[in-house]
Chemist: 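Provided herewith is a single structure, encoded as structure tokens, for subsequent inquiry.
If you read the sequence from its start, that first residue is 1, and numbering goes on from there.
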Amino acid sequence: MTESGPPAIATLGMEQAIRRLPAAAAIVDVSGRVLHANPRAEALTARLGESMPDNVEGGFEIWHLDGRRYEPQDWPVIRSISSGEEVVDEEYFHVLPDGAKLVIRASSSPIFEDDGRIVGATLVMVDITEQKLREDRMGYLAEMLEGTGDAIVGFDPEWFVTIWNKGAERMYGWTADEVLGRHTLEVAKLELSYEERGEMRATVAEEGSWRGEIVAYRKDGSPVVVELAVNAVREQSGELKGFLGIHRDMTERRLAEEKLAEARRRSATILESISDAFIAVDSDWRYVYVNDRALRRIQRRRGKALTREDILGKVMWDMFPEVVGTESHRKYHEAMRERRAVEFESYFAPSGEWFEARAYPSDGGLAIYYREVSEGKRAEYQMREAKAVIFESIT
């Protein structure tokens, strides 16, 4: 080093060098007496509610990260003094007055005389409390990412893969080692055009998120229906840090929905083909299904061309207040209340019609089949009248 260069540590003096360190630091002699502590060390001590002690063993307790208390002889700086041990980045914590932890990363080195005797030690301490909290949070998040059944995929701002959890390995068949560092276009085979993918990426970057259902392809080429949610991840400054995608396998649900839709189509076909009028109401007496025959009867009763949309969701008794208090009203309530099927015939005075009805309760409400039997009732009545006339004529 030339004379015009920066002064050597030796020329600055030990104390001045310690003072300039960007960390809490102290010099301790062989008895544990604190010879010098820099301002950062004094500030750290003040956070503990104490002033810098004359001796490192006085007034303090430190704890291993697993909660075990340090014995004085095990302190890093004491080990350096007693055995000449070079302690590097050992972590421990203090307990602050409010009960919180102050986590420290400490290094200590012995100071030797020319004859090799240990005359003291230097202690350097760095507050890593926030760092440990971040690491704990990241560890917790990592456990969550690995524990979830969904595929979690992270990208940098250029869409190169940075996160690929176990769920992604299971869903797509690629291991993390195979995809990390590769571009999304090499890995995520989607049933989207380049233009559509570009629009999706632009939406995420500009609006912060995108959600939709897509068809993706596994490593072996087999398709998988995915519910995809992608979010932009930004620094506190607003700078784009990357993207995080949550992929949920919807294949089984899609198949179940298709099967359910097919079952509903078959049921509707059957219900439309039967000769009876059929309606279904929920537990609040709201129409949830009306077949064509029932729709035509309702149209005639109301005297106007109603559509299913005009009826579905409406309360039966609001649509037909004139039925309240009739035999039909009582029987339908009986079926709903007692959870049992009922069959009955009922005369509806306002229209002069006879109906034959059957009502079947379910967890969701009531299924009702009915048909007009007025002609049969009139024939039956006429037959009874004829029998009465014949009986009177022969008696």
Side-chain angles (χ1 to χ4, degrees), residues 20-24 39-40 43-44 47 65 88-89 91-94 96 98 100-107 124-172 174-190 192 194-214 216 226-249:
R20 292 189 176 188
L21 281 176
R40 290 179 183 270
L44 189 151
R47 291 184 62 189
L65 296 185
V88 179
D89 292 342
E91 296 177 2
Y92 56 82
F93 70 87
H94 294 280
L96 296 173
D98 62 2
K101 292 180 180 179
L102 176 67
V103 186
I104 299 296
R105 179 176 291 146
S107 297
V124 178
M125 299 163 287
V126 179
D127 178 0
I128 60 167
T129 306
E130 287 299 322
Q131 178 184 332
K132 295 299 287 186
L133 288 174
R134 285 196 299 271
E135 289 175 358
D136 289 344
R137 286 195 293 267
M138 290 303 294
Y140 174 70
L141 289 174
E143 289 181 8
M144 288 185 62
L145 291 180
E146 292 304 328
T148 181
D150 295 333
I152 308 295
V153 182
F155 305 93
D156 69 9
E158 301 301 321
W159 293 93
F160 286 89
V161 180
T162 56
I163 297 172
W164 190 266
N165 76 337
K166 295 295 184 184
E169 291 185 342
R170 289 190 298 269
M171 184 178 295
Y172 293 114
W174 297 89
T175 66
D177 289 340
E178 290 176 307
V179 301
L180 291 176
R182 297 175 65 178
H183 196 273
T184 179
L185 292 176
E186 298 181 65
V187 178
K189 308 298 183 182
L190 308 178
L192 294 173
Y194 284 107
E195 291 76 14
E196 290 171 326
R197 291 179 72 134
E199 291 174 3
M200 180 186 75
R201 292 197 293 268
T203 299
V204 177
E206 294 169 8
E207 300 180 11
S209 64
W210 182 92
R211 180 183 292 273
E213 194 170 284
I214 61 172
V226 175
E227 181 183 72
L228 174 59
V230 185
N231 293 277
V233 181
R234 297 186 180 277
E235 301 281 6
Q236 289 186 344
S237 63
E239 182 181 355
L240 182 63
K241 186 176 181 179
F243 306 93
L244 188 68
I246 302 175
H247 303 231
R248 179 163 294 172
D249 187 346

Chemist: Among all residues two or more places apart in sequence or in another chain, which pass the salt bridge (charged side-chain N to carboxylate O under 4.0 Å, His left out) test with Arg211?
Modeler: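 For Arg211, no residue satisfies salt bridge (charged side-chain N to carboxylate O under 4.0 Å, His left out) once neighbours in sequence are set aside.
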Chemist: Would you mind reporting whether Arg197 and Leu185 have side-chain heavy atoms less than 4.5 Å apart?
Modeler: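 Of all side-chain heavy-atom pairs linking Arg197 with Leu185, at least one is under 4.5 Å.
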Chemist: side-chain contact (heavy atoms from CB on, under 4.5 Å) with Asp177: which residues, sequence neighbours excluded?
Modeler: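 With sequence neighbours excluded, Asp177 shows a side-chain contact (heavy atoms from CB on, under 4.5 Å) to Thr175, given in chain and number order.
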Chemist: Are more than 12 heavy atoms, taken from residues, nucleotides or ligands other than Leu180, located less than 6.0 Å from that residue's CG atom?
Modeler: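 Yes, because the 6.0 Å sphere around CG of Leu180 holds more than 12 heavy atoms from other groups.
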Chemist: What residues form a side-chain contact (heavy atoms from CB on, under 4.5 Å) with Val226, not counting sequence neighbours?
Modeler: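 If we apply the side-chain contact (heavy atoms from CB on, under 4.5 Å) test to Val226, skipping adjacent residues, the hits are Met171, Tyr172, Ile214, Ala216, Val224, Leu228, His247.
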Chemist: Please list, chain by chain and in numerical order, all residues satisfying side chain to side chain donor-acceptor pair (under 3.5 Å) with Glu235, sequence neighbours excluded.
Modeler: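 Partners of Glu235 by the side chain to side chain donor-acceptor pair (under 3.5 Å) criterion come out as none, since no residue qualifies.
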Chemist: Atom CG in Leu44, atom NE2 in His94: separation rounded to 0.5 Å?
Modeler: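 So the gap between those two atoms works out to 6.0 Å.
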Chemist: Give me the atom names and distance for the closest heavy-atom approach of Phe93 to Val103.
Modeler: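 Distance-wise, the nearest heavy atoms are CB-CA, 4.1 Å.
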Chemist: Using the salt bridge (charged side-chain N to carboxylate O under 4.0 Å, His left out) criterion, which residues pair with Glu239? Sequence neighbours excluded.
Modeler: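 Glu239: no salt bridge (charged side-chain N to carboxylate O under 4.0 Å, His left out) contacts found.
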Chemist: Run the side-chain donor-acceptor check on residues 198-210: report pairs under 3.5 Å with partners two or more places apart or on a different chain.
Modeler:
residue, atom, partner, partner atom, Å
Thr203, OG1, Glu199, O, 2.9

Chemist: Taking salt bridge (charged side-chain N to carboxylate O under 4.0 Å, His left out) as the test, write out the residues that go with Arg182, two or more places apart.
Modeler: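 Partners of Arg182 under the salt bridge (charged side-chain N to carboxylate O under 4.0 Å, His left out) test: Glu186.
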Chemist: How far does NZ of Lys241 sit from OG1 of Thr162, to the nearest 0.5 angstrom?
Modeler: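 It comes to 9.5 Å.
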Chemist: Given side-chain contact (heavy atoms from CB on, under 4.5 Å), test Gln131 with Arg105 step by step and report yes or no.
Modeler: CA-CA 11 Å; Gln131 178 184 332; Arg105 179 176 291 146; 3.4 Å; yes
Chemist: How many angstroms lie between atom CG of Asp89 and atom CD1 of Ile128, to the nearest 0.5 angstrom?
Modeler: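 Reported to 0.5 Å precision, the distance equals 8.5 Å.
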Chemist: Check for a donor-acceptor pair, side chain of Trp164 on one end and backbone N or O of Trp174 on the other, with a separation under 3.5 Å.
Modeler: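 Such a contact is found between Trp164 side chain and Trp174 backbone.
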Chemist: Apply side-chain contact (heavy atoms from CB on, under 4.5 Å) to Lys189 and list each qualifying residue two or more places apart in sequence or on a separate chain.
Modeler: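 Expected list: Tyr217.
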Chemist: Could you tell me the separation between the CD1 atom of Ile163 and the CD1 atom of Ile152, rounded to the nearest 0.5 Å?
Modeler: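 Here the rounded value is 9.0 Å.
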Chemist: Show me, pair by pair, the donor-acceptor contacts under 3.5 angstrom made by side chains of residues 153-161, not counting sequence neighbours?
Modeler:
residue, atom, partner, partner atom, Å
Asp156, OD1, Glu158, N, 2.8
Asp156, OD1, Trp159, N, 3.0
Asp156, OD1, Phe160, N, 2.9

Chemist: Could you list the residues that satisfy side chain to side chain donor-acceptor pair (under 3.5 Å) with Arg248, not counting sequence neighbours?
Modeler: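 Side chain to side chain donor-acceptor pair (under 3.5 Å) check on Arg248 returns Asp150.
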Chemist: Could you list the residues that satisfy side-chain contact (heavy atoms from CB on, under 4.5 Å) with Ala43, not counting sequence neighbours?
Modeler: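 Per chain and number, Ala43 pairs via side-chain contact (heavy atoms from CB on, under 4.5 Å) with no residue.
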Chemist: Could you list the residues that satisfy side chain to side chain donor-acceptor pair (under 3.5 Å) with Thr129, not counting sequence neighbours?
Modeler: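 With sequence neighbours excluded, Thr129 shows a side chain to side chain donor-acceptor pair (under 3.5 Å) to Asp127, given in chain and number order.
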Chemist: Identify the two heavy atoms, one from Arg47 and one from Leu102, that lie closest to each other, and give their separation to 0.1 Å.
Modeler: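 Looks like NH1-CD1, 3.3 Å.
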